[in-house]
Amino acid sequence: MTIYLALTVLAFRFGPWPWPVQQPEYFYLYLTTAIALFFVGAIGGAFVSPPWRSPVANHRETATIKVAILLMVLSVLILSVARTDSLLPPVSLQLSRANYNYDIFVARNLTRGWWTYFEYAAALLSPFFFLALTGAVQQWPRLGWPYRIAYIFACLIFLLVYTHIGVNRGLFQLTVLLPLTLGLYYVFSGRTSRRRIWILISSAMVGIALFLWIFVYFISYRDPASNVGHFTPLNLDAQRSGAIYEILPPALYPGYETVTRYLGVGYYGLSLALAETDYGLGWGLTSSMVILRKANALLGDSWYFHTLLPIIEKKYDWSLWTTWHSAFAWFISDFGVSGSLILVLIIGALYGLVWRNLLMTGSVIALAMFYLLNMMVFYFPANNQVFQSADTLFGFLVLFLIFIAGFFQPNLVRTSPSASASLDLSKDQF
């Protein structure tokens, strides 16, 4: 993850887009510090060895995943109703239709209607969704075919829902993030055969290629100017020169420019955030769109105008709702520059702690947490992805609390000193 974050910064700095960064020295110093703190936190968390017991006993994990698969099916059907107005999402290969549905989806996110309650229901079931999504593959040999078929059906419906509304996150979660997470787990834990590891690694590579192809195809259709290296919001043109362009065939120019823009546009928003000094902190209420909307409903529409991102929108016309700022800018909005770096260090420590406990125990809880943390870090350059949506936010918080509970499980069996002495059997007594 540290290497990935470093590569995104290099793509921003040396890629084809001449981003008009303000205070570049301060900007790159901040990013270097943030990535270094994430790495230090992850190493520290991985070497901490407090006792941890899975809140789900090992012999119950298969039964837990079976229940989670059934609830996963229910959650994706509810999600389909909320986002496609149908129990089973329509299948369409028309990109114009996907763009139209995307606009409806965005409008629904900003308003309240009958679909809101279905979104709430899907969010409440999201912990089971993430448990089943990751744990079913781990428990696959112990699952019967009815549960396997139900899992495949749920994944297919989930993918079709996101395809219908023209959002790439569903495809990324299934074809890239899932095999990559499982591949990392199995490679370093040694809990499976080499054949299965190679299958997962190959699936991740194929998934990345498929995701990039479909993603670039969608973007080129939605934003035709990207095909000629133009970024409309900043009236910015890609500089088609350098070593990469000497290697790439011209047909791949739009794809390269789209990917580097996708990874870099949030960092440009971060550069605007770092240039501001006069703003109020959100203190936990402005680091997530879903939390921000709920805070607006309780506190009114004007309370957040003094916070960072609305100030950026007013000053630079860099929209709070339609453009990206990177997760770091959202963290700064809540806790300031120094506070955001401390938060990144804490996230890194949690990442290392989850990774260690996953390798030591193979728990389905730790595996689901590892998956969500990978999602969080992958989207760092763009936005605060895990906290942006109600389903990922609620799923993360519930699984986080269950994971933390593994450090505080009390010993409910208490014995008297005499009983303890009678049970103190030495090896000579056997």
Side-chain angles (χ1 to χ4, degrees), residues 68-69 71-95 97-106 108-109 115 118-119 121-123 125-137 150-182 203-204 206-219 221-222 258-259 262 289-290 324 368 371-379 382-396:
I69 289 174
L71 294 175
M72 178 187 184
V73 173
L74 178 60
S75 71
V76 296
L77 294 177
I78 293 174
L79 193 69
S80 179
V81 173
R83 300 184 180 181
T84 71
D85 299 334
S86 174
L87 189 63
L88 297 177
V91 179
S92 175
L93 298 178
Q94 297 180 7
L95 291 181
R97 188 67 185 174
N99 285 335
Y100 174 76
N101 294 331
Y102 175 78
D103 293 336
I104 295 176
F105 170 68
V106 172
R108 283 185 171 182
N109 274 336
W115 55 84
F118 284 87
E119 292 280 1
L125 293 171
S126 61
F128 298 101
F129 174 87
F130 292 115
L131 268 180
L133 183 64
T134 54
V137 180
Y151 174 77
I152 294 171
F153 171 78
C155 289
L156 180 61
I157 296 300
F158 180 77
L159 183 60
L160 289 176
V161 167
Y162 275 91
T163 302
H164 178 80
I165 61 176
V167 176
N168 65 70
R169 198 189 88 182
L171 180 64
F172 174 77
Q173 284 186 232
L174 292 184
T175 63
V176 179
L177 190 59
L178 181 61
L180 183 62
T181 297
L182 292 168
S203 298
V206 172
I208 291 172
L210 178 64
F211 169 75
L212 290 177
W213 178 70
I214 295 177
F215 169 72
V216 171
Y217 189 57
F218 262 99
I219 293 297
Y221 183 87
R222 186 175 295 165
T258 298
V259 172
Y262 185 87
M289 285 187 178
V290 64
W324 287 349
Y371 174 86
L372 286 170
L373 285 169
N374 280 334
M375 184 193 301
M376 178 185 289
V377 177
F378 263 113
Y379 277 92
N383 52 51
N384 191 12
Q385 180 64 219
V386 169
F387 287 175
Q388 295 292 45
S389 302
D391 57 340
T392 49
L393 172 62
F394 187 74
F396 178 86

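What you see is a predicted model, and the numbers here were worked out from it, not measured in a lab. Both backbone and side-chain heavy atoms feed into the values below; hydrogens, waters and symmetry mates do not. Along the sequence shown, residues carry numbers from 1.
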Mind jotting down which residue pairs meet the salt bridge (charged side-chain N to carboxylate O under 4.0 Å, His left out) criterion with at least one end in [range]? Sequence neighbours excluded, please.
{"range": "residues 161-173", "answer": "Arg169-Asp391"}
{"range": "residues 153-164", "answer": "none"}
{"range": "residues 76-85", "answer": "Arg83-Glu119, Asp85-Arg108"}

Residues in ring pair (Phe, Tyr, Trp, His ring centres under 6.0 Å) contact with [X], at least two apart in sequence or another chain:
{"X": "Phe387", "value": "Phe396"}
{"X": "Phe118", "value": "Trp114"}
{"X": "Tyr162", "value": "Phe158"}
{"X": "Trp324", "value": "Tyr262"}

Euclidean distance, [Y] [atom2] relative to [X] [atom1], rounded to 0.5 Å:
{"X": "Thr134", "Y": "Phe130", "atom1": "OG1", "atom2": "CZ", "result": "9.5 Å"}
{"X": "Leu77", "Y": "Met72", "atom1": "CG", "atom2": "CE", "result": "11.0 Å"}
{"X": "Leu210", "Y": "Leu171", "atom1": "CG", "atom2": "CG", "result": "5.5 Å"}
{"X": "Cys155", "Y": "Leu160", "atom1": "SG", "atom2": "CG", "result": "11.0 Å"}
{"X": "Phe172", "Y": "Leu180", "atom1": "CZ", "atom2": "CG", "result": "8.0 Å"}

Partners of [X] by side chain to side chain donor-acceptor pair (under 3.5 Å), sequence neighbours excluded?
{"X": "Thr181", "result": "Asn374"}
{"X": "Gln388", "result": "none"}
{"X": "Tyr151", "result": "none"}
{"X": "Thr84", "result": "Ser80"}

Subject >> Verdict with supporting geometry, Leu133 and Leu174, side-chain contact (heavy atoms from CB on, under 4.5 Å) >> reply: CA-CA 9 Å; Leu133 183 64; Leu174 292 184; 3.6 Å; yes
Original post:
Run the side-chain contact (heavy atoms from CB on, under 4.5 Å) check on Ser126 and Leu393 step by step: do they pass?
Top reply: CA-CA 9 Å; Ser126 61; Leu393 172 62; over 6 Å; no
**OP:** Output yes when a side-chain donor or acceptor of Ser389 lies under 3.5 Å from a complementary backbone atom of Gln385, and no otherwise.
**Re:**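 Here the side-chain-to-backbone pair does not exist.
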Original post:
Taking it one step at a time, do Val76 and Val161 satisfy side-chain contact (heavy atoms from CB on, under 4.5 Å)?
Top reply: CA-CA 8 Å; Val76 296; Val161 167; 6.0 Å; no
Subject >> Least distance between heavy atoms, Ser75 atom then Phe129 atom >> reply: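 That would be OG-CD1, 3.8 Å.
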Original post:
Ala136 and Ile69: which non-hydrogen atoms are nearest, and at how many Å?
Top reply: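 Smallest interatomic distance, heavy atoms only, reads CB-CD1, 4.0 Å.
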Subject >> Intermediate values then yes/no, side-chain contact (heavy atoms from CB on, under 4.5 Å), Tyr371 and Leu182 >> reply: CA-CA 8 Å; Tyr371 174 86; Leu182 292 168; over 6 Å; no
Subject >> By side-chain contact (heavy atoms from CB on, under 4.5 Å) - contacts of Val259 (at least two apart) >> reply: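 For Val259, the residues satisfying side-chain contact (heavy atoms from CB on, under 4.5 Å) (neighbours in sequence not counted) are Leu212, Val216, Leu263.
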